[in-house]
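Every chain is numbered from 1 and lettered A, B, ... according to where its sequence line falls, protein lines coming before strand lines.
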Amino acid sequence: MSQKSRLHIPHAAARPGETPDFSYLALSPAGAVARPPVDSRMSDIEFLSNDLVRVLDENHAAQGPWNPGLDSSTLLEALRLMVLVRQYDDRMQRMQRQGKITFYVQSLGEEAVSIGGGLALRDSDMLFPAYRNQGLYILRNTGLVEMMSHCLSNTNDFCRGRQMPVFYQNAKNRVFTISGNLATQYPQAVGWAMAAAIKGEDAIAASWVGDGSTAEADFHYALTFAAVYQAPVILNVVNNQWAISTFQGVAGGERRSFAARGLGLGIPGVRVDGNDLLAVYAVTQWAAERARSGGGPTLIELVTYRGGAHSTSDDPTRYRPKDEWAAFPLGDPLHRLKGHLVQAGSWSDEQHLAMEEQMKQYVLDCWKKATTFGTMTEGPFLRVHEMFEDVFEHMPQHLQRQQAQLLELEGI
Amino acid sequence: MSQKSRLHIPHAAARPGETPDFSYLALSPAGAVARPPVDSRMSDIEFLSNDLVRVLDENHAAQGPWNPGLDSSTLLEALRLMVLVRQYDDRMQRMQRQGKITFYVQSLGEEAVSIGGGLALRDSDMLFPAYRNQGLYILRNTGLVEMMSHCLSNTNDFCRGRQMPVFYQNAKNRVFTISGNLATQYPQAVGWAMAAAIKGEDAIAASWVGDGSTAEADFHYALTFAAVYQAPVILNVVNNQWAISTFQGVAGGERRSFAARGLGLGIPGVRVDGNDLLAVYAVTQWAAERARSGGGPTLIELVTYRGGAHSTSDDPTRYRPKDEWAAFPLGDPLHRLKGHLVQAGSWSDEQHLAMEEQMKQYVLDCWKKATTFGTMTEGPFLRVHEMFEDVFEHMPQHLQRQQAQLLELEGI
Amino acid sequence: MAQMTMIQAINSALDIMLDIDPSVVILGEDVGYFGGVFRCTEGLQKKYGDHRVIDAPIAEGGIIGTAIGLGVNGLRPVAEIQFADYIYPGFDQVVSELARLRYRSDGTFYSPVTIRTPCGGGIRGGQTHSQSPEAIFTHISGLITVMPSNPFDAKGLLVSAIESNDPVIFFEPKRIYNGPFDGDPNNPSVPWSSHPLGEVPEAYYNVPLGKAALVETGHELTIISYGTIVHVAQAAAKLAGVSADIIDVRTLMPLDIDTIRQSVSKTGRCLVAHEATRFCGYGAELVATVQEECFWSLEAPIERVTGWDTPYPHAFEWQYFPGQKRLLAGIRKVMEAK
Amino acid sequence: MAQMTMIQAINSALDIMLDIDPSVVILGEDVGYFGGVFRCTEGLQKKYGDHRVIDAPIAEGGIIGTAIGLGVNGLRPVAEIQFADYIYPGFDQVVSELARLRYRSDGTFYSPVTIRTPCGGGIRGGQTHSQSPEAIFTHISGLITVMPSNPFDAKGLLVSAIESNDPVIFFEPKRIYNGPFDGDPNNPSVPWSSHPLGEVPEAYYNVPLGKAALVETGHELTIISYGTIVHVAQAAAKLAGVSADIIDVRTLMPLDIDTIRQSVSKTGRCLVAHEATRFCGYGAELVATVQEECFWSLEAPIERVTGWDTPYPHAFEWQYFPGQKRLLAGIRKVMEAK
Ligand SMILES: Cc1ncc(C[n+]2csc(CCOP(=O)(O)OP(=O)(O)O)c2C)c(N)n1
Ligand SMILES: Cc1ncc(C[n+]2csc(CCOP(=O)(O)OP(=O)(O)O)c2C)c(N)n1
Ligand SMILES: [Mg+2]
Ligand SMILES: [Mg+2]
């Protein structure tokens, strides 16, 4: 039946034991894609959703019209942030493996997505991340100690033990709280952007979801409302090829790019090399300029690869080749930016090693500091009665009673 | 603030008291749009989502490659069905106004959508209509007496008084039961089509939603699943310009056609003159051939106009010009098909009048017959205990008890 | 004071809040140019502009999702869902987001959204225009759930809802939009102008959330209800000739337990009534609460009178609706039990 | 007979049904090649092909919507929702369609969909991987709602669910996927192989829907529960030294009222326990039912022990979870009341 069936079942290009195969990925050479003005007509920029905007070539040189021309101190800061994110991930992943935290999600291989995108936005712009955007929190000066404290659910946790690890937040610096439910932040970002427009403020909003999450209703709601009201928002799809065990084809990526998803609503889409910090920066900047000048929403697809497991609860060797990441044609974003700086003469392998070491040490110091606020096994602990707070602004009677009941039971 | 605001609020082209303005509608001359082979590459048929497939020209002559070449007896049958639908609507609308039924929805001006689309499909194909597709039920030989009995909630109602008027069904002839919740039938149609493919059957499914309903999640789910599994399904969007009081721009129709909504998923879209029965037939046939031969889903936008009120609960003079329908550039589908037959010499005004009279009389006879099964005020009535049946396949204890309680109270 | 229908009272509340608080915005299907299918937002777009009263796409989840974002960015959104039956497509945004935002962020993020939605049957709406899904929302921690039974409360509670920094699900029993309803569809319909609670101040006032109203005072029986059924209960108690405390819960979550306890401790008998389906409905919580709070005072089993556990059938609207006959039978049962 | 975990028992039920009924198909997120994040569908795609065990896009509403269509076209779909917390995006398709199809079409259309979904806390999942939303579904007329507490029942009830022509929401308490749990996280974890109900026939059998199980017999108290808490209740009753009937409801809707009535009429005391939030939870219906059915036998107020009316906090999992201590306190309270 399967042979002559009209039911098409998407199959991953390679499964465990097979040779990685990225022939399905359409690539453009660095510098090859034009950079149209932000006020171009839709039909004149549709190519951006098929081609792949790239700046860094194989020799790590910046090419073409999308080169944002960033100075080396900015680029070095970007590199530092990417290294910091990776070191943070590495430590936290290991802490989970040692049972110090209950859960963790790495962004290995996707660091340029958050750092490149975040850097191109203003501090007043509001970010609505997904759980693999820890880079955005770090970029927006969320203290590592605080982020770690959150993962420890300790007395310094900014959400007071209410959430699982990695569901960060930073209200002060305009990064939203993360939800366990995929894609819910997407229409919220559109609403936030609409409010900015209603209030006449020039801040914009940006949000991120994974390739798999585009199938959710909230993706559609966000695109529809953004298109109808021309909301000043950037909608990012991080296509890291996988959604837990299903490859991007199961989310509908076999026939057309994710960047193309908004075309039918008149939302321009840009497909960008997500492992090329310069390209990510440039494309985000372009979209931000559109939004800020009243041009409305842009959908950006960031083509990247999930270098690690989905989460610490996952074992990817069950569903994809072990060496797939190594075969990914867009490489390692960190390696590429470093190469660029080295080839430009502003950085060296030695400096890099030293910086890596420094970040590693910094992360370790932060971890030590974070644990002074409590761990899962050692105090200080959050006080159990805090569990009843913030359900409502003011605690209603039934929660006061339940709180009292618990305190009595716990002998507090 | 509104002047320099970045919030775009869609505004209808004309409101009550203003002159109707359809300049926003992109039209193509009859016969002007190419008819590509059904196995064309997506990129080669994208134009179909922008252009407007039309067959009948201003002189009611059939033009161009989409002319389905139907023989006159088929066309006369189509005309008869459209007249029947209009007469049915007319009678039922008046019966609602006289308080004989509680609610009604006309399809005035949209008759070619159901009749043209339905005729191009096979009896074994399954239809998932919206509430303005009464034409599909009539086409599929649902007795008018039964449809009217349903609207009367009488003893002959095929859903035994469970639903409001116009929520028809016809399982035997493969037309699905209508839901009050917009667009829910869309992913169900995709599921039905997937099952056909799984079972190796060559039936396909077709579904219809309104322009306004495309904003619902189910629209997105249907497109996504249809694209991923290449389900043999035809997804129709009936763009009748209005969704109660909001014009199609509020559903995102200002920048791109509804036919284009699936492009980003690789679903071809065809925009068709929904008031041109020949064009509707031809486009449906094309999409059916694609689906049946394993080509996957097609999205069809039928450009039409809601000639009447949204429903009997609505008063459109509050939000649109009274004479808007008269100004609609695609005219009246019934008038156009009749004109075509007359100009081809297979029909005459006299014959038409006689047929109209005959249909009117037939509808009246059916109404009389239907009322013998009971009306809202006169028996026979459904038995009240039937209310508890079909919640589950077998009535559980708690419903048996509630049923007994009611019967006791009612003294039955 | 003016005579207002519930629709006018709701319109008045919205008008006042749009006027005094520039952060208030309204969005929903057909709420703008048209003024809403039940006319609750009539004239408001004209008065406050299309940036404050916004016609939305037909996407309940999108309406609620964007409303949350509007609220996070400092506005105070009032979203209309055209029928309560159509709130389900937005359920995830309500449950997982709106209700949880404050908690999950330790109070640093919240969104003061009010969701207004007409509920209940009695207008021949069949199963998809008649539902009363309030119980589902009261079970979700983090939501305030309200259902007024008259124009005065509707306005005052809606003002409080909009002012609340917590999300509020505001159910409007559409059967009594235009007048109170005693549960007998054969009686001539009565306008709000003939009811004391149809007298509504034109100016600002509020009715606090979380407080029940004792609409009748008696000593033999406590009837606990809300929405349309409050009026049915009043009629039935009169018919039965029983001296009853009739409690209109008004705010379903948080529940005013004190008012209930005081009454049932006094009367010793209790009947709970609502239009929604029975199994695991809000009445179950009322019964559970009463038996927990007043067990030793109870002289008879608490009686529940509700809609049947079926969808709302078009043909049998009045056999489905818990009208006077059913209330009366319930009252007799609880009064005669011993 | 074999020793099976609940996961293996579920896998076995699916395997058997795929085998004996060619119309059975499975769809859900990660259920195909990977075999499910909890491994319940492991090996099934390989065995039955990719047309019968289907990896779905991440769209719960799409999964349920297409499952309905698959069912209408003669298949018997088993949909997996990865966590019960993620069923809400599919809520409209469940409530407005799946539950209502048979009723609205006078039985001519129906879709025999089973929705399997892991629920409950105790695995450090925080507020979005720990919910127990069963009460919401039991309030919706037209749905059968099930929650097993052990491998034997899980397999037998799942077979019945798949065979049922009515839609079934099948909740799987993930805390007891791998072993029973007495409610004390400090006790060493116990595998199902040490529990009599971990013995599961490899062949086909079923456990009928709508029948509760009396898992312990006593005369002083009736404890009514389901899912994980059944085991906690057993441990707590033992600790308290009370002779209790312990009823595992198993099928939440329709409820086996007879078993409950018989027990409480005998014991005169009743405690109701579940993990879900309290207000308007399933326990409220149990309390209401018991007081309606057994009022005159009751010697003490019915006690409810539940999760608190807050989201499930990551840091306070064990203070949130109604463990032995809370059950014990509840038992004491109901036993001492007079
Ligand atoms: C509504 C909802 N459904 C399912 C899940 C379970 N889930 C968590 S992550 C994930 C995969 C997401 O994949 P993708 O969007 O591609 O993001 P990535 O993990 O690749 O960054 C799934 C299915 C969830 N969290 N929320
Ligand atoms: C989920 C849901 N939301 C809202 C409604 C109320 N409603 C009924 S018809 C309608 C307008 C639909 O417009 P469109 O899809 O364009 O179809 P048309 O009436 O024009 O044929 C609305 C908002 C509904 N029935 N279901
Ligand atoms: Mg992904
Ligand atoms: Mg329309």
Contact class of Thr224(A) relative to chain C, heavy atoms under 4.5 angstrom: side chain
Residue part contacting chain C, namely of Glu393(A), when any heavy atom lies under 4.5 Å: both
Toward chain C, the part of Val228(A) with a non-hydrogen atom under 4.5 Å: side chain
Sub-4.5 Å side-chain heavy-atom contact between Gln93(C) and Pro187(A): yes
Contacting moiety of Ile178(A), where chain C heavy atoms sit under 4.5 Å: backbone
Interface residue of largest heavy-atom contact number with chain C, from His394(A), Met126(A), His220(A), Gln169(A), under 4.5 Å: Gln169(A)
Euclidean distance, Lys199(A) NZ relative to His51(C) NE2, rounded to 0.5 Å: 13.5 Å
Phe176(A), part contacting chain C, at a heavy-atom distance under 4.5 Å: both
Residue among Ile54(C), Val25(C), Asp258(C), Leu27(C) with most heavy-atom pairs under 4.5 Å to chain A: Asp258(C)
Under 3.5 Å donor-acceptor, Asn73(C) side chain and Trp192(A) backbone: yes
Beyond-backbone contact of Gln397(A) with Asp256(C), side-chain heavy atoms, under 4.5 angstrom: no
Interatomic spacing from CG in Asp92(C) to CG in Asn181(A) - rounded to 0.5 Å: 5.0 Å
Under 3.5 Å: donor-acceptor pair, side chain of Gln188(A), backbone of Ile68(C): no
Pick from Tyr168(A), Tyr229(A), Phe167(A) with the largest number of heavy-atom pairs that fall under 4.5 Å of chain C: Tyr229(A)
Heavy-atom contact with chain C under 4.5 Å, split by part of Arg401(A): side chain
CD1 on Ile64(C) to CG on Asp218(A), rounded to 0.5 Å: 10.5 Å
Under 3.5 Å: donor-acceptor pair, side chain of Arg160(A), backbone of Asp106(C): no
Met387(A), part contacting chain C, at a heavy-atom distance under 4.5 Å: both
Residue part contacting chain C, namely of Phe392(A), when any heavy atom lies under 4.5 Å: both
Contact leader toward chain A among Pro254(C), Ala59(C), Pro57(C), where contacts are heavy-atom pairs under 4.5 Å: Pro57(C)
Evaluation steps, side chain to side chain contact (heavy atoms under 4.5 Å, CB included), between His398(A) and Met253(C): CA-CA 10 Å; His398(A) 71 285; Met253(C) 165 50 91; 3.5 Å; yes
Top of Ser96(C), Pro22(C), Gly74(C), Ala99(C) for chain A proximity - count of heavy-atom pairs under 4.5 angstrom: Ser96(C)
Side chain proximity check, Phe225(A) to Ile63(C), heavy atoms < 4.5 angstrom: yes
Side-chain (Arg104(C)) to main-chain (Thr177(A)) donor-acceptor, under 3.5 angstrom: yes
Spatial distance of atom CD (Glu389(A)) from atom CZ (Arg102(C)) [nearest 0.5 Å]: 12.0 Å
When Gly61(C), Gly107(C), Gly49(C) are compared by non-hydrogen pairs under 4.5 Å with chain A, the top option: Gly61(C)
Least distance between heavy atoms, Leu75(C) atom then Ala195(A) atom: CD1-CB, 3.7 Å
Minimal non-hydrogen separation, Gly191(A) against Leu70(C), with atom names: O-CD2, 3.3 Å
Other residues, nucleotides, ligands: >12 heavy atoms within 6.0 Å of Lys266(C) NZ: yes
Residue part contacting chain C, namely of Ala196(A), when any heavy atom lies under 4.5 Å: both
